[in-house]
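A short worksheet on the structure shown next.
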Amino acid sequence: MLVAAFLRNGLGLLVPLAIACTIYLYLYPFFGGCAFPLSSRDSNEAFEATKRLHWPYTELESEPDHVPTQLAPFRLLALGDPQLEGDTSIPTVILGTFPHVFSIFDHVTFRTEHWCFRERVRQIVHDIVDIFFEDIPWFLESLRKRFDLFGNDFYLAHIYRTLHWWSRPTHVTVLGDLLGSQWIEDDEFDIRGHRFWERAFRGGERVPDDVAVWPKHEYELAGMLDGSETEDIWTRRIMNVAGNHDIGYAGDLTPERLDRFERVFGKVNYELRFGIPINDTDVLATLHDDATNPESTRLEPEIRIVILNDMNLDTPAKNTTLQDATYSFINKVIGTSAAVEYSGIFTLVLTHIPLYKPEGVCVDAPFFDFHTPEEGGGVKEQYLLSADASKGFLEGFYGMNKDPSAAAGGRGRKGLILNGHDHEGCDTYHFINQTNGTDPAERFWEVARWRDAQAQGLPNLTSEGVPGRREITVRSMMGDFNGNAGLLSMWFNQETWEWEYEFANCRLGTPLFWWFVHFLDLGVIVAFLVYIAVTIMGAAGVDVDARFFEAVEWSRRRFSQWWNKNSNRAAATTQNGHAKMNG
Ligand SMILES: *[C@@H]1O[C@H](CO)[C@@H](O)[C@H](O)[C@H]1NC(C)=O
């Protein structure tokens, strides 16, 4: 039973390895210590709390699915730039399969025009060369690419599914560049949309249009952050942001591109407000009320999520109607914001292109490229928003001011900006020094890496004349960037009457490991099936070893026959050649 013994020993080695790798891959957030931060900001404690959610023997006060109140009430799973590729990255789709074979056929069958026979032969020889140096490499590359794309969908799906299951977000966002190209045809757009919803983000849902509405003075909350069953819908809905590869930059954005995006992925501009239950009547009595408590600056706590298409904030835009729509949306957001003096509302902006920052702060530096005047002259590409557009964010959305004598000292409204675009990710702090110089007009927005800003204590200087806001560019979830995901927690501090937040990253690691584990598992399953077959055959009285060695011997003989025949022929050809030369 040599064959059986060999398989048994091989499986004895491979099965533990396969199990270990599979467990590691499928529980990667556990091994990576990933968890939504807690209000204590202690990452170990957060990890323990998340672990307890999955420990079947944990005693929970109410229903089994009840999330312990220790977890932050708002937990956003933020994913950057999945960029689903498709037919545009497969050479044979663009160039055809073996195009030069068809071309030869045309030349040979006189379907082409040539001015003389020599030219026809020249073209045929040319095409034969191209079969070897173009068609075959393209064909192989296309096969590899197709396989790669197939795996990539599942790699992204693995991140979404595993992390969603492990970390229990209350909300999910994809921060733009859902797709890999804005130039694709409608049918390919639909195919990728289908892959997005059915494969990569399976179980996810588009935010309905009647929920994704523009800001109003008399608005309805999109939900309560109370962990109740009715809020489960928000764990499945995906707040999709439009990116340049989805709808194009300002110079390419057309109503057609916008429409197909909104049809498949949801609206590009909208607002969602989430409240948090406060039941303590003493606390409720401290809230602002025009009639009974006009002195109070406390508003009912709300997280205001603004999903913004910032593709056409900068000029020139191809379609000014669409640009006006973006501007009027922003004005609407600003117009419906509470006055800066009030506290309790947190504005979370989800958008794609990051704010302006000078070279060297993040990986992407300021960069603009424009179409030629003949092409329309619009924005062709940009890495960051312009300084003016960024200022609009900070002074418009957040109402911060360079002048300390402005309303509420120019400190503005609380909030945070999340975006994508720069695949490497970046974490920064934008601030303005209100004591810099005597003339407010000379004061300017500065930006520092969040770590450096913290080291200098800048975020604590908000009430000392240096207001600022943090901007987190979430690192891409693509394999090249190790399958990153952002975990943003938010909770309400009743002492200060402000929302607080903490952000963490979680990485899956290289797609090579993902591939390796699945190939290994497949290999083990095949080996196991062969082992069972061998055992059954052995039990049925078949001498498997003898059959196996016969088969090996037969193959060896066939191979050496083939080898000898070929080498003899080669030798004969060489001899003939020598003979001719010598003769
Ligand atoms: C703000 O400007 C003042 C005056 O130039 C300077 O003394 C102070 O250090 C600046 N603060 C920061 C945080 O840059």
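Each residue takes its place number in the sequence, starting with 1. Both counts, for ligands and for their atoms, begin at 1 and track the order of listing.
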Which option out of I432, T435, L458 puts a heavy atom nearest to atom 4 (C) of ligand 1? T435
Member of F74, F346, W491, F492 meeting the ring-ring contact (aromatic ring centres under 6.0 Å, His included) criterion with Y501: F346
Counting from 1 in the order shown, the ligand 1 atoms closer than 4.0 Å to a non-hydrogen atom of N433 are 1 (C), 2 (O), 3 (C), 8 (C), 10 (C), 11 (N), 12 (C), 14 (O)
The protein heavy atom nearest to atom 5 (O) of ligand 1 is N436 OD1, 3.3 Å
Ring centroid separation for Y270 and F329, is it under 6.0 angstrom? no
Under 4.0 Å and counting heavy atoms only, is there anything from the protein next to atom 9 (O) of ligand 1? no
So, do Y356 and W445 have ring centers that fall under 6.0 Å from each other? no
Can you confirm whether something in the protein, heavy atoms only, sits under 4.0 Å from atom 2 (O) of ligand 1? yes
Ion pair K357/E471, N-O distance below 4.0 Å: yes
With a 3.5 Å cut-off and sequence neighbours excluded, list the donor-acceptor pairs that the side chains of residues 451-466 form with protein atoms.
{"residue": "Q454", "atom": "OE1", "partner": "W450", "partner atom": "NE1", "Å": "3.4"}
{"residue": "T462", "atom": "OG1", "partner": "P459", "partner atom": "O", "Å": "3.3"}

